[in-house]
Amino acid sequence: MKQRSHDRRGVLSAALVTVGVLALTSCASGTSAPAASSDAAELTGRGPITYVSSPDASGAAQQSIDAWNAEHPDELVDWIELPLDADQQRQQMVQNAQVKGEAYTVLNLDVVWTSEFAANRWITALPEDALPLDAEIPATVEAARYRDTLYAAPYYTDAALLYSRTDLMQAAGVTAPPQTWAELQKACDAVLALPEAADMSCYAGQFDKNEGLTVNFSEAVNSAGGSLFNADGEPTVDTPEALTALNFLVDGFESGMIPEAAITFQEEQGRQSFLDGNLVFLRNWPYVYASFSATDGSSAVQDKFGTSPIPGETGPGVSTLGGRNIAISSYAENKATALDFIAFFTGQEQQGDRLAVSSRAPVFSEFFADDAVTERLPYLPDLLTSLEKAQPRPKVVQYGATTAAIQDAIYPALTGDTSPEEALADLQKALVGIAAE
Amino acid sequence: MSTTTTQRPEQRTTPAGKTGRLDLGEGRRAALLLSPTFLVLALVVLYPLLSAFHQSLFGSQSGLDADGFVVEGDVFVGLGNYVQIFAGTDAARFYNALWNTTFFTFTTVTLEVIIGIAMAVAMNRAFRGRALLRASILVPWAIPTAVSGLLWRWMFQADGIVNTLTNQQVLWTAEGFAAQAAVIVAEVWKTAPFIGLLVLAGMQIIPEEVYEAAKLDGANAWRQFIAITLPLVRPALLVAVLFRLLDSLRMFDLPFVLIGPRKSSVETLSILAWDESNQLQYGTASAFSIILLLYVAVIAYVFITILGADVVGEKKPKVVRARRRAQDPPAHDAPSSEPTQTKVTR
């Protein structure tokens with residue numbers, strides 16, 4: 001009986017442990033690795049490599065890789081496809097770096113991860129003379145550097161555009177797209193007075209609690225003449241400029257200029273709202289252009305909208321820079337092949353070829369003035385204006401913690417749970433804390 | 001509690017029990033035969049557990065050197081991560097997540113039990129198309145949680161069908177009680193069929209004679225349900241509820257997909273652990289997981305001891321033994337703080 005009762009307890013506790021262990025997700029992964037040394041001079045070795053990237057539905061990237069593989073049978077590039085979700089991509093790349101995996105050679109990084117990967121020496125510095133940096137838009141090259149050293153090659157770029165309902169503006173007598181927040185308000189007042197715009201709202205961006213909020217807030221601060229971090233990387237959010245920026249958003253929600261529902265908007269919800277004809281102005285990325293101009297009847301705004309650079313406090317606003325960079329993993333072999341592949345893949349010729357199938361904005365300024373290209377992608381000149389002034393999001397090593405802190409502070413301010421002053425003071429404190437870690 | 005707590009069986013005085021016949025050689029052979037099982041268990045259960053606990057004792061200390069490179073190393077902090085969680089600057093976030101986890105668990109499981117039993121009663125009747133109904137009721141359970149999270153997210157959007165049908169403008173996917181309600185609705189929709197089916201299985205083994213006898217005695221339908229159905233499906237129901245409890249204490253994907261990460265009104269302990277590991281704070285993340293593990297274990301243990309859910313399939317002999325013991329006074333006192341299941345059988 002003794003044994004029996006022990007058995008029973010044993011089985012019971014084993015059962016408890018088993019179910020409990022299910023609660024332990026993937027947190028038991030390896031200990032962190034000491035930094036590996038990396039140097040631009042070390043790019044040696046030739047042979048097959050891998051390209052690690054999110055899927056590309058347009059097929060444009062595959063087309064470039066096929067072109068490379070046809071020319072380089074001994075240095076084949078194999079595409080390792082990662083999930084569509086950016087967080088998961090980053091996590092897999094980080095895990096590969098932490099076990100110093102050789103499986104990943106060439107990494108497709110979101111521009112905001114570049115600093116983190118460079119500072120952890122997960123990616124290798126690149127020789128500047130191997131890449132045509134002079135022909136590329138300066139803001140995109142800047143986003144590929146960490147502390148003045150080049151760690152990646154710009155792949156494609158992204159910046160904000162203001163989409164406006166030109167038909168309604170014309171009807172209301174507004175001749176030019178708004179360049180300042182005051183003009184935006186004025187244009188809205190005029191348009192919303194029209195009977196056909198009675199049920200519409202004025203303006204929306206991305207204000208749900210995710211990366212979109214960081215982008216929109218950081219854009220507002222830059223557009224008001226402030227910045228989230230100074231040149232030395234110290235946080236500077238408790239400033240009058242940042243307060244002006246935050247007040248623009250908070251007052252917008254309070255006055256109804258920004259519809260209440262916009263607090264739940266990510267890129268897609270805002271796109272849908274504008275597409276259905278519920279918004280006069282929308283801040284979004286260039287990718288929504290295709291769906292607005294669709295001729296199959298799905299768009300209520302086809303031929304009724306225009307694009308312009310986003311507005312700011314006293315003049316045109318400053319966009320946040322999006323896009324992707326291509327880098328080489330520090331732990332990979334055949335780095336010489338990898339460098340050649342990057343130069344080929346991100347080079348002007350391939351970017352030009354890809355433009356035929358993909359609407360992603362190239363990083364070479366020449367394309368933006370090319371009539372053949374702008375006929376297909378008419379927003380490119382506006383995008384270039386936007387890009388010329390675009391600011392990268394905070395170039396900090398702990399970007400994950402930084403963007404989380406920004407969202408934690410700004411979201412309650414937008415919902416009215418904290419005052420703007422309080423939110424910025426809290427944010428400053430949080431960012432100083434992260435920088436000190 | 002103490003009055004219902006009976007003492008543990010006196011173990012030394014009864015060598016003539018069934019297990020007493022195992023001699024040493026047999027015991028060894030049994031251990032040998034079981035060893036592959038133990039080995040696998042040790043690998044997939046014990047090792048990750050110990051490793052997570054070990055990890056939770058370290059903090060990652062990182063800084064930047066003069067060239068901007070990260071200098072980092074794991075520093076042994078002992079129970080520092082746990083102290084930080086319970087009393088540190090972010091403690092409020094932890095207690096909020098703990099409260100959310102508990103709140104979601106108890107509200108969803110309660111609603112699921114009520115709705116699940118109602119479903120089972122409805123399905124237990126003989127009517128045309130019963131098989132089809134039974135199969136279709138499983139559909140929500142069969143849909144992956146992430147997918148149903150997305151479906152509900154579309155329905156709960158500001159311009160979604162929920163707002164259109166109710167003619168309201170509720171921002172379900174923002175913060176606040178509306179977000180919690182959205183999670184509860186989606187979770188109950190998804191898992192009530194699970195309880196319904198397990199209870200139905202329990203109902204179908206209740207012999208028809210019992211109901212006939214009750215009818216002869218003049219019991220109405222409600223009385224039959226209270227006096228016959230509920231007590232007899234209890235074992236099945238308790239196991240179902242236990243599974244649901246453990247499941248919803250680990251709730252992650254539904255609030256994550258439906259509302260989003262870092263929304264404090266729906267942040268659960270699992271989301272918190274995920275968030276920390278996403279920030280490469282594996283020490284804290286492991287500590288959160290260990291705390292969640294202990295919490296789940298405590299709740300499960302309390303549930304099993306108080307309600308006597310028969311998870312291990314050993315209740316019957318235990319009950320018999322307990323009854324027998326209750327008749328014979330114990331030989332001598334064996335102090336124990338652990339309440340046995342005798343309480344339940346009375």
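The basis for the numbers below is simple: all heavy atoms, side chains too, and nothing from hydrogens, waters or symmetry mates. Residue numbers start from 1 in every chain, and the chains themselves are labelled A, B, ... in the order their sequence lines are given, proteins ahead of strands.
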- Query: Are any non-hydrogen side-chain atoms of A:P83 and A:Q92 less than 4.5 angstrom apart?
  - Reply: yes
- When the 4.5 angstrom heavy-atom criterion is applied to A:Y399 and chain B, the contacting part is neither
- Task: Examine whether an atom of A:D408 lies under 4.5 Å from a heavy atom of chain B, and if so say whether it belongs to the side chain, the backbone or both; otherwise answer neither.
- Result: side chain
- Note on the structure: Cut-off 4.5 Å, heavy atoms of chain B, and the answer for A:A404 is both
- Message: Under 4.5 Å from any heavy atom of chain B, what part of A:Q266 do you find: side chain, backbone, both or neither?
- Response: side chain
- Task: Identify which part of A:F207 has an atom lying under 4.5 Å from any heavy atom of chain B, answering side chain, backbone, both or neither.
- Result: neither
- With the threshold set at 4.0 Å, does a side-chain nitrogen-carboxylate oxygen contact exist between A:D208 and B:K263? yes
- Between B:R262 and B:D275, is the closest basic N to carboxylate O distance under 4.0 Å? yes
- Note on the structure: Okay, B:E276 and chain A: the region with an atom under 4.5 Å from a heavy atom over there is neither
- Message: Is B:R93 close to chain A through its backbone or its side chain, or both, or neither, when contacts mean heavy atoms under 4.5 Å?
- Response: neither
- Message: Between B:R244 and B:D247 (salt bridge meaning N to carboxylate O under 4.0 Å), is one present in this structure?
- Response: yes
- Note on the structure: Here the gap from A:W122 atom CH2 to A:F117 atom CZ, rounded to the nearest 0.5 Å, amounts to 6.0 Å
- Can any side-chain N or O of A:T149 pair as donor or acceptor with the backbone N or O of A:R145 at less than 3.5 Å? no
